[in-house]
K.L.:
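Pasting a structure here, questions to come.
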Amino acid sequence: MESLIGKVAENLLKHRNTVALTGAGISVESGIPPFRGKGGLWEKFDPMEYAHIDAFIKDPQKVWNVLLKGMKELLDQAVPNDGHKGLVRLEHLGILQTVITQNVDGLHQKAGSSDVIEFHGSFARYRCMACSRCRCSEKMDLSCIPPRCDCGGVFKPEIVFFGEMISTEQLLRSRQAAEGCGLMLVVGTSATVQPAAFMPVIAKESGATVVEINPEPTWLTGNISDYFIRGAAGDVMNRILAELERRM
Ligand code: OAD
């Protein structure tokens, strides 16, 4: 394990144009459950019944009551962990440029990352389905479910539901970041949802070194990843940073 950490530290020092792709796993140590695997959200809720845009349009009250209200309350309380903080430290060391995240929890920004591409949107903003007015999280009143705009329309968090398009801007920026990086750190994602899961492939095909951090292997492991560090994001990031700082 230590020689693996040493190799990754060496590569990070070499590639000062690193990009991170993160998934739900990086926020597990902040108390936010992942989607898949043991204890995952999709074990309890059928995503087609609660996370598909058609389900939301058909019955927003049900989706708000069963999934969104609890999620908003959980995310409002959550604080960044050593995984998020480690990426900020990498940015301050002049190694990491951009974080592409599939997460909607805003924890990279809370930790202090300055360039975050929110691939699947964010729970920090809500948009009225009728008039498109935007409202920030702090101003959302959840005493009545579903929350409604002054025009009577229902508010939907600006997250990408199944059946919805990824914003073209986020997609183009992510592809550009993946094509231009020298190293991609893939942290805490099962890499099962496209097109986000394709970013490491683009990075690899463009000549980047791909480093994966995850307690479990994924389809990227052994196919796309040059290095696989098995473990929890916070612990692994702390070890990498200790090694980097020893070498600097
Ligand atoms: P998943 O829930 O699919 O995968 C979470 C990954 O994190 C798994 O590979 C776990 O092994 C790993 N993991 C668990 N604990 C960890 C820890 N402490 N440190 C590091 N890794 C850990 O989450 P995503 O890959 O993010 O989409 O899922 C992708 C998308 O699927 C989500 O953005 C969401 C979901 O449907 C939308 O909401 C559109």
Side-chain angles (χ1 to χ4, degrees), residues 8 20-56 63 67-68 70-72 74-75 78-87 99-108 111 116-125 156-167 170-171 174 184-201 210-225 227-240:
V8 169
L21 170 71
T22 66
I26 197 168
S27 295
V28 163
E29 289 155 87
S30 294
I32 302 173
F35 296 96
R36 295 172 186 80
K38 211 168 166 279
L41 270 188
W42 300 156
E43 220 177 40
K44 281 198 251 162
F45 305 109
D46 175 358
M48 290 307 120
E49 207 182 331
Y50 296 104
H52 195 287
I53 188 61
D54 293 344
F56 184 82
V63 174
L67 188 66
L68 301 181
M71 246 176 120
K72 174 167 164 35
L74 179 67
L75 301 190
V79 291
N81 64 58
D82 285 352
H84 305 100
K85 291 178 197 164
L87 294 181
V99 178
I100 306 168
T101 188
Q102 297 165 86
N103 301 344
V104 294
D105 54 31
L107 290 182
H108 288 299
V116 182
I117 302 175
E118 293 178 311
F119 206 86
H120 289 156
S122 168
F123 246 94
R125 300 175 299 277
K156 170 189 167 292
E158 280 214 296
I159 57 175
V160 178
F161 277 60
F162 285 104
E164 284 192 299
M165 301 276 284
I166 304 289
S167 103
Q170 313 293 20
L171 188 57
S174 301
M184 181 172 275
L185 266 183
V186 183
V187 190
T189 177
S190 61
T192 47
V193 174
Q194 297 293 358
F198 204 62
M199 296 302 138
V201 179
V210 176
V211 176
E212 198 184 356
I213 301 171
N214 198 312
E216 304 294 336
T218 70
W219 76 271
L220 297 172
T221 317
N223 291 313
I224 300 296
S225 306
Y227 300 101
F228 172 65
I229 311 180
R230 191 169 206 144
D235 176 50
V236 173
M237 285 306 299
N238 284 342
R239 288 192 205 198
I240 292 175

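Quick note: numbers below take in every heavy atom, side chains included, and nothing from hydrogens, waters or symmetry partners. Numbering of ligands and ligand atoms starts at 1, following listing order.
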K.L.:
Give the residue, atom name and distance (to 0.1 Å) of the protein heavy atom nearest atom 17 (C) of ligand 1.
P.N.:
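Nearest neighbour among protein heavy atoms for atom 17 (C) of ligand 1, to 0.1 Å: Gly25 O, 3.2 Å.
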
K.L.:
Check the orientation of Phe35 and Trp42. Use parallel for under 30°, tilted for 30 to 60°, and perpendicular for over 60°.
P.N.:
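Phe35 and Trp42: tilted rings.
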
K.L.:
Below 4.0 angstrom, N of the basic side chain to O of the carboxylate: do Lys156 and Glu164 qualify?
P.N.:
yes

K.L.:
Report the nearest protein non-hydrogen atom to atom 27 (O) of ligand 1: residue, atom name, distance rounded to 0.1 Å.
P.N.:
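Nearest neighbour among protein heavy atoms for atom 27 (O) of ligand 1, to 0.1 Å: His120 ND1, 3.5 Å.
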
K.L.:
Between Trp42 and ligand 1, which part of the residue brings a heavy atom under 4.0 Å of the ligand: side chain, backbone, both or neither?
P.N.:
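Just the side chain.
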
K.L.:
With heavy atoms of Ala232 as the reference, note each atom of ligand 1 found under 4.0 Å away.
P.N.:
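It comes down to these atoms of ligand 1: 17 (C), 18 (N), 19 (N).
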
K.L.:
Test of understanding: given a 4.0 Å heavy-atom threshold, classify the contact between Arg36 and ligand 1 as side chain, backbone, both, or neither.
P.N.:
both

K.L.:
With heavy atoms of Ala24 as the reference, note each atom of ligand 1 found under 4.0 Å away.
P.N.:
23 (O), 24 (P), 26 (O)

K.L.:
Can you figure out which of Glu216, Gln102, Glu164, Met237 has its heavy atom closest to atom 29 (C) of ligand 1?
P.N.:
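Shortest heavy-atom distance from atom 29 (C) of ligand 1: Gln102.
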
K.L.:
Heavy atom to atom 5 (C) of ligand 1, shortest distance: which of Gly23, Gly188, Pro217 holds it?
P.N.:
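The residue whose heavy atom sits nearest atom 5 (C) of ligand 1 is Gly188.
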
K.L.:
Report the member of Pro215, Gly37, Ala233 with the shortest heavy-atom distance to atom 21 (N) of ligand 1.
P.N.:
Pro215

K.L.:
For Val210, is there any backbone N or O sitting under 3.5 Å from a side-chain donor or acceptor partner on Ser225?
P.N.:
no

K.L.:
Counting only heavy atoms, tell me which of Phe35, Phe119, Phe162 gets closest to atom 34 (C) of ligand 1.
P.N.:
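It is Phe35 that holds the nearest heavy atom.
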
